[in-house]
Amino acid sequence: MTAWETVIGLEVHVQLATRSKLFCGCAATFGADPNRNVCPVCLGLPGALPVPNAVAVRLGARAALALGSTVHPVSVFARKNYFYPDLPKGYQISQFDRPLATGGEVRCESPDRGLVAIGVTRLHLEEDAGKLIHDWVPGRTAIDLNRAGVPLAEIVSEPDLRSPTEARAYLGVLKQVLVYTGVSECSMEKGSLRVDANISLRRPGGPLGTKTELKNMNSFANVERALEIERERQRTILDGGGRVEQVTLLFNADAGTVRPMRGKEESHDYRYFPDPDLPPVVLSRAWIDAARAELPELPEAKRSRFQSAHGLSPYDATVLSAERPVADYFEAVVRAGADPKTAANWVMGESMPGYNEVGAFAVSAVRLAGLIGLVKDGTVSHPAAKRVFGELGAGDEAPHAVATRLGLVQVRDDAQLGAWVTQVIAEHPAEVERFRTGEPKLLAFLVGQVMKKSRGKADPKAVSERLLTHLEAS
Amino acid sequence: MTIAAEALAVAERLERSASLNAVLAWSRPALEAEALRVSRIGSDGPLAGMPVAIKDNIVTTDLPTTCASRILEGYRSPYDATVIERLRLAGGLVACKTNLDEFAMGSSTEHSAFGRVRHPLDPDRVPGGSSGGSAALVAAGVVPAALGSETGGSVRQPAAFCGVVGVKPSYGRVSRFGLVAFGSSLDCVSVFGRTVSDAARVLAAIAGHDPRDATSRPAPPVQVPVPRADLRGLTFGLPTEYFPPDLDPGVRAGVDRAVALVQALGGTVRPVSLPHTRYAVPTYYVLAPAEAAANLARYDGVRYGVRRGAGLDLRSVYRATRGQGFGREVQRRILVGTYVLSAGYYDAYYAKAQAARVRITADFEAAFLTGVDALLTPTTPTPAFRAGAKMADPVQMYLADIFVSAVSLAGLPALSLPAGRSEGLPIGLQIIAPSFEEDRMLSIAATLEPHLSATAEVR
């Protein structure tokens, strides 16, 4: 049986990180009581008019520029007409034939194909709809319009993805770029990132097959899973000589199934036309250039700079550049004087577990650099420094002060060291004899005995030197 | 007269004029509240207690806003339109809400869900529309001025029928925030006045950029005109397309007399051509319904207004609410508008109409570029017609707007000035000016006004 090639394209909606909605001053925040963040405009009351949110336009343009898209000097808001109770005006204000931006690409790592560039078809701005709540009032449907009018960017990919795994990788990179640039929080749980996936199978090199659309995936992993399930479903149909029907499917994560949306799929005619309430969005060349200049260093560039400038391994560079706060923190530690490779180990080993848990760094970059310095100059041992790190989070005490308070500053007092060394030599005559007669590994045993006496406070290097001196002299 | 006394007098006049059916909502307490508000903040404002009637498609918090539709029966807006706020700031007093064709769709005010408005001079005739209630109240002397709205002539045409001044400003001159949308790219809050001065005072009060309306434009304020000594140095164009052979003889006589007066006052008159005029009505009746179909989608019975079909499924609720809530003319336009935007028809209708709109606008621009300062035309092809005369034939009704539609499509300012009477019925002279040249237009009107003897028979 000939192999099928999988063809996937993704439509991603992200909520733009504005304070207010796309066409009114209502808060765009998540989690308010139902119908609190509403006004005549987003309720679609008679006579109310939309006024575009300039910040949303700027964030949309920034996203587009970060993806290498062309931001158009003129784009047009259009009305997408359909009736639904979560849509107050009976139309959604979106962009249709003149989107904010077209073109661009997302580069991601494919397990089968290596680094692949996935084309971006377009990025446009639109308002979100409200939300129907079916379990609020028994037997009835409640409507929460807090979300109505929240600004979204819809990012449509080309059908360039060839496997569910690639789709997931694409989403990871896209999210990373959008979070990096401050365009969106990209939280699937809060609904600030939503994915619809189109998938079809074809003979390699042949014409595109009939596609189906998958909805209702609540994580990247579920996007991948839903695509795998649908790929298998289509493969079975096609292998059996059947035809795939063009339908919209809802993914059920619990059952691990995809099912056609309730009711017969209707072919919608949205009757798009330019919204007469909104003049075209006109962006000057200078405005677009300024938006481009505002872009931060993107993850890909940062990753390669971490390798070239800081000498990090590809793995470390990837981990440390994955999130902007982590990258900024790492670089601050380096700027505060720490050696980059050591800093990388500390950030990945000690700082990141806490960051991943609470989303913030307990120990400031400057204090971490100070602690790394204490290890470097031998003030504390590496294991002791880890204990100091654990204590640092609590307050603003200097690393050295914490080490002193915990009694972890290494003892380099010659007299004390000398006394411990003399005692250990006296207490272990057999081991001393064996060392002298050609068993050098016994030095480690003797060092260990001294360390034990010092309760770990002696500097092992100094102990070792002192022991050798004594053993050779006597 | 004190403002409180003025409010009382308005109340009495409103009661006496009830037979016109021009008013949908008013109340003595609301009038008293208006008077109190004005005497506190705006009694020395430019409108100084002037009572102004408000077309019932402009939202107000104190009185219901129904658009003369069953679907909004009893609807109370939680906010006031920008023009209402500005009216009050200038010392104006909201007198009442006036009857209209449902959602401003019509040319006779017969398409109101709450009954037709009667012409003040002949109850068997229509006052024009869709702002017929506002026009009739000003003509009957109930109020000196009123707000109406224009999408395609809905103030100028009834102003001509009723013998009052009707001013449509440039698109973008007056905020649409709080004007219930019909055809958003055409809608303009517009003004009726007993005199040019009254209309201009109200227009000056409500005009100006509004950050809540993205289509409103900043511009220097509108000036209340001072009549000129003469019209020397001004050139007037007479578009040949506006003087067809079948023009009503009374209307022709009225406009001829006005043109002769313009010449007598030193104005230069010459013919011009606006060749795409004949496409104006069909273009309008594609674009306005297209926009209306979307604008009226929000009346679905879900959030406010009337809901029918309780207990039925969603689709049935929509069908019952909109089927019973909207009148026939509104339903007709929603269907037309939906059709012209449909896949497969968009290019043939909507896109073509947009292209025609560009040509129609270019006609005016070309005429003004030849050195014409303003255009003079009849406002309507006939005087006020009899009630019922055009109800059976929508196209005949649409053609009542033949001389006013093109101006709306071009977004220009225009004004209808009473120019005498034919067999007792008023005739309107339309003055059209370039975009945002309201001052010129108003000063021409103010100069002609005292010479035109508006109630004189012209035939």
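Every chain is numbered from 1, with letters handed out A, B, ... down the list of sequences.
Using a 4.5 Å cut-off between heavy atoms, B:F182 makes no contact with chain A at all. Heavy atoms closer than 4.5 Å to chain A are found in both the backbone and the side chain of B:A343. With a 4.5 angstrom heavy-atom cutoff, B:Y345 does not touch chain A via any of its atoms. B:T65 does not touch chain A: none of its heavy atoms, backbone or side chain, sits under 4.5 Å away. Proximity to chain A is limited to the side chain of B:L314, based on heavy atoms less than 4.5 angstrom apart. For B:S342, the parts lying near chain A are the backbone and the side chain together; criterion is any non-hydrogen pair under 4.5 Å.
Using a 4.5 Å cut-off on side-chain heavy atoms (C-beta onward), A:P88 and B:Y304 make no contact.
Every salt bridge (charged side-chain N to carboxylate O under 4.0 Å, His left out) that A:K89 has, sequence neighbours left out, goes to A:E127.
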Criterion side-chain contact (heavy atoms from CB on, under 4.5 Å) on B:R212 and A:L49, from CA distance to verdict: CA-CA 7 Å; B:R212 290 177 294 187; A:L49 294 172; over 6 Å; no

Under the side-chain contact (heavy atoms from CB on, under 4.5 Å) rule, what do A:F273 and B:Y346 come out as? Steps first, then yes or no, please. CA-CA 9 Å; A:F273 72 106; B:Y346 182 96; 4.1 Å; yes

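Atom CZ of B:R359 has 12 or fewer heavy atoms from other residues, nucleotides or ligands within 6.0 Å.
Between A:P276 and B:Y171 the shortest heavy-atom distance is O-OH, 4.1 Å. In plain terms, the two heavy atoms of A:P52 and B:A214 that are nearest each other are CD-CB, 4.2 Å. Closest heavy-atom contact between A:P46 and B:Y75: CD-OH, 3.3 Å.
Note that CG of A:D277 and CG of B:D213 are 7.5 Å apart. Values are rounded to the nearest 0.5 Å.
Contacts of residues 30-45 of chain A with chain B at a heavy-atom distance below 4.5 Å involve A:P40, A:V41, A:L43, A:G44, A:L45, listed in sequence order. Contacts between residues 78-87 of chain A and chain B, counted as heavy-atom pairs separated by less than 4.5 Å, involve A:R79, A:N81, A:F83, A:Y84, A:P85, A:L87. Along residues 289-299 of chain B, the residues that come nearer than 4.5 angstrom to chain A, judged on non-hydrogen atoms, are B:A290, B:E291, B:A294, B:N295, B:A297, B:R298, B:Y299 in order of number.
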